[in-house]
Engineer: 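Shown below is the structure under consideration.
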Amino acid sequence: MGMGLLFDATRCVGCGACSSACKEQNKLPGPVEEVLTAYTWTTVQPREGLNVRRMCMHCEVPTCASVCPVAALVKTPEGPVVYDAQRCMGCRYCMMACPFEIPKYQWDRPVPIVGKCILCSSRIKEGKPTACAEACAYEATVFGKKEDLIWEARTRLRQKPGEYVNHIYGLTEAGGTSVMAISSVPFDKLGLKTKLPGEPPAMRTWQVLSNIPDFVAVWGVLLYGVHWITARREDVAHAEAKDNGRENQS
């Protein structure tokens with residue numbers, strides 16, 4: 001099952017330590033923003049008298065990875081869904097496909113890339129918890145093996161049955177996620193997506209592709225990739241030329 005996070009909205013005080021720790025760990029510029037952007041990968045939002053974290057859910061079968069034609073997004077055995085900017089060709093299919101609407105684009109840069117939480121994959125490989133979990137003083141965000149987190153969530157629900165909604169968010173949503181949540185308020189009121197299928201949306205992608213002859217799929221992806229890479233390079237060159245022109249004028 002790999003590693004993951006459990007978020008308990010009843011324990012979050014909204015201090016924002018998780019967001020600040022994420023910024024520092026990933027060297028993200030600027031202040032913590034109120035919503036997710038390419039430079040703010042996790043944020044805390046007040047909802048219905050509680051505080052809720054927004055971040056990548058790290059799907060067990062990530063739709064973003066299933067639609068990426070160049071494998072810039074990959075689910076690792078440890079749990080994180082990681083992103084390789086060097087492979088990305090800027091198609092933004094991941095943004096359109098994500099059932100949680102998480103990946104964001106650097107619209108303000110001449111060579112933009114996608115920004116999203118990578119669940120501190122380098123720290124996990126070193127045997128460390130995520131920076132956000134380590135910074136949380138109230139155990140509102142807990143890091144660990146997914147099976148242990150499920151046990152912890154069920155224990156909290158069982159010990160205080162009147163305090164929690166009897167559901168672990170992320171256990172079944174979109175086929176299951178490595179980031180889960182429990183709350184005393186219905187999850188839709190926290191702004192979380194609730195009308196999601198139990199089957200991974202990525203399965204639909206593969207089912208469609210499996211009905212296409214292999215040579216058509218391969219050539220379609222190849223030609224599409226060449227087109228996007230060429231267009232992306234032209235856009236980058238155009239943007240750099242503009243920037244150089246401004247510098248020469250100044």
Side-chain angles (χ1 to χ4, degrees), residues 1-19 21-22 34-36 41-64 75 78-81 97-102 116-117 119-120 124 129-204:
M1 275 191 172
M3 311 301 286
L5 294 176
L6 172 64
F7 173 72
D8 188 337
T10 70
R11 298 193 182 194
C12 181
V13 298
C15 66
C18 54
S19 299
C22 176
E34 294 182 1
V35 297
L36 295 182
W41 293 356
T42 184
T43 189
V44 180
Q45 301 173 341
R47 293 284 191 279
E48 298 293 324
L50 297 179
N51 297 293
V52 60
R53 286 191 65 187
R54 296 301 311 277
M55 60 182 293
C56 176
M57 299 298 290
H58 297 275
C59 301
E60 294 294 349
V61 184
T63 311
C64 60
K75 176 80 171 181
E78 295 83 11
V81 176
C98 177
F100 299 100
E101 300 179 359
I102 297 299
K116 77 165 200 70
C117 164
L119 205 62
C120 292
I124 290 179
T130 60
C132 60
E134 188 174 70
C136 184
Y138 302 93
E139 293 191 327
T141 296
V142 181
F143 170 81
K145 294 181 179 178
K146 185 174 177 180
E147 55 263 39
D148 293 339
L149 297 176
I150 294 172
W151 181 87
E152 176 64 21
R154 287 174 174 164
T155 299
R156 294 187 187 187
L157 266 59
R158 184 175 62 252
Q159 291 178 342
K160 297 180 179 179
E163 185 174 328
Y164 291 98
V165 173
N166 190 27
H167 179 63
I168 303 171
Y169 186 85
L171 190 60
T172 58
E173 281 76 10
T177 59
S178 294
V179 176
M180 299 171 290
I182 53 178
S183 167
S184 60
V185 171
F187 296 101
D188 59 338
K189 293 186 177 180
L190 294 182
L192 299 176
K193 302 285 185 179
T194 55
K195 296 180 180 179
L196 296 172
E199 180 185 58
M203 296 301 295
R204 301 176 187 174

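Atoms considered below: every heavy atom in the structure, side chains included; atoms not considered: hydrogens, waters and symmetry mates. Keep in mind the model is a prediction, meaning the values are calculated, not measured.
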Engineer: Of Cys59, Cys98, Cys64, which meets side-chain contact (heavy atoms from CB on, under 4.5 Å) against Val81?
Structural biologist: Cys64

Engineer: Rounded to the nearest 0.5 Å, what separates atom CZ in Phe100 from atom CG in Leu192?
Structural biologist: 8.5 Å

Engineer: Flag the pair Leu149 / Ile168 as yes when at least one side-chain heavy-atom distance between them is below 4.5 Å, and no otherwise.
Structural biologist: no

Engineer: Cys120: what forms a side-chain contact (heavy atoms from CB on, under 4.5 Å) with it, not counting sequence neighbours?
Structural biologist: Gln25, Arg123, Thr130, Ala131

Engineer: Only pairs at least two apart or in different chains count here, so list each salt bridge (charged side-chain N to carboxylate O under 4.0 Å, His left out) that has a residue in residues 135-150.
Structural biologist: Arg11-Glu139, Glu60-Lys146

Engineer: Rounded to the nearest 0.5 Å, how far apart are SG of Cys117 and CG of Leu5?
Structural biologist: 7.5 Å

Engineer: Not counting sequence neighbours, which residues clear side-chain hydrogen bond (donor to acceptor under 3.5 Å, both in side chains) with Glu48? List them please.
Structural biologist: none

Engineer: Over all heavy atoms of both residues, which pair between Lys75 and Ser178 is shortest? Give the atoms and the distance, please.
Structural biologist: NZ-OG, 2.8 Å

Engineer: Between Val35 and Thr43, does the side chain to side chain contact (heavy atoms under 4.5 Å, CB included) criterion hold? Intermediate values first, please.
Structural biologist: CA-CA 6 Å; Val35 297; Thr43 189; 5.6 Å; no

Engineer: Enumerate donor-acceptor pairs with a distance under 3.5 Å from any side-chain N or O in residues 182-190 to protein atoms, sequence neighbours excluded.
Structural biologist:
unit_1 : atom_1 : unit_2 : atom_2 : d
Ser183 : OG     : Val185 : N      : 2.8
Ser183 : OG     : Val185 : O      : 2.8

Engineer: With sequence neighbours excluded, tell me which residues meet side-chain hydrogen bond (donor to acceptor under 3.5 Å, both in side chains) with Glu34.
Structural biologist: none

Engineer: Side-chain donor-acceptor pairs under 3.5 Å in residues 50-57, sequence neighbours left out?
Structural biologist:
unit_1 : atom_1 : unit_2 : atom_2 : d
Asn51  : ND2    : Cys12  : O      : 3.3
Arg53  : NE     : Thr42  : OG1    : 3.3
Arg53  : NH1    : Thr141 : OG1    : 3.1
Arg53  : NH2    : Thr42  : OG1    : 2.9

Engineer: Please examine the side chains of Met3 and Leu119, heavy atoms only from C-beta on, and report whether any two atoms are closer than 4.5 Å.
Structural biologist: no

Engineer: Which atom pair, heavy atoms only, marks the closest approach of Cys18 to Cys132?
Structural biologist: CB-CB, 3.7 Å

Engineer: Report the residues that fulfil side-chain hydrogen bond (donor to acceptor under 3.5 Å, both in side chains) with Arg47, sequence neighbours left out, ordered by chain and then residue number.
Structural biologist: Gln45

Engineer: Could you pull out the closest heavy-atom pair between Pro197 and Pro201, with the gap in Å?
Structural biologist: CG-CG, 4.3 Å

Engineer: Only distances under 3.5 Å count here; give the side-chain donor-acceptor pairs of residues 157-165 to other protein atoms, sequence neighbours excluded, each with its distance to 0.1 Å.
Structural biologist:
unit_1 : atom_1 : unit_2 : atom_2 : d
Tyr164 : OH     : Asp8   : OD2    : 2.7
Tyr164 : OH     : Thr10  : OG1    : 3.3

Engineer: CG/Leu171 to CD/Glu173 distance, rounded to the nearest 0.5 angstrom?
Structural biologist: 7.5 Å

Engineer: Can you give me the closest heavy-atom contact between Leu196 and Ala174, atom names plus distance?
Structural biologist: CB-N, 4.2 Å

Engineer: With sequence neighbours excluded, what pairs up with Phe7 under the ring pair (Phe, Tyr, Trp, His ring centres under 6.0 Å) test?
Structural biologist: none

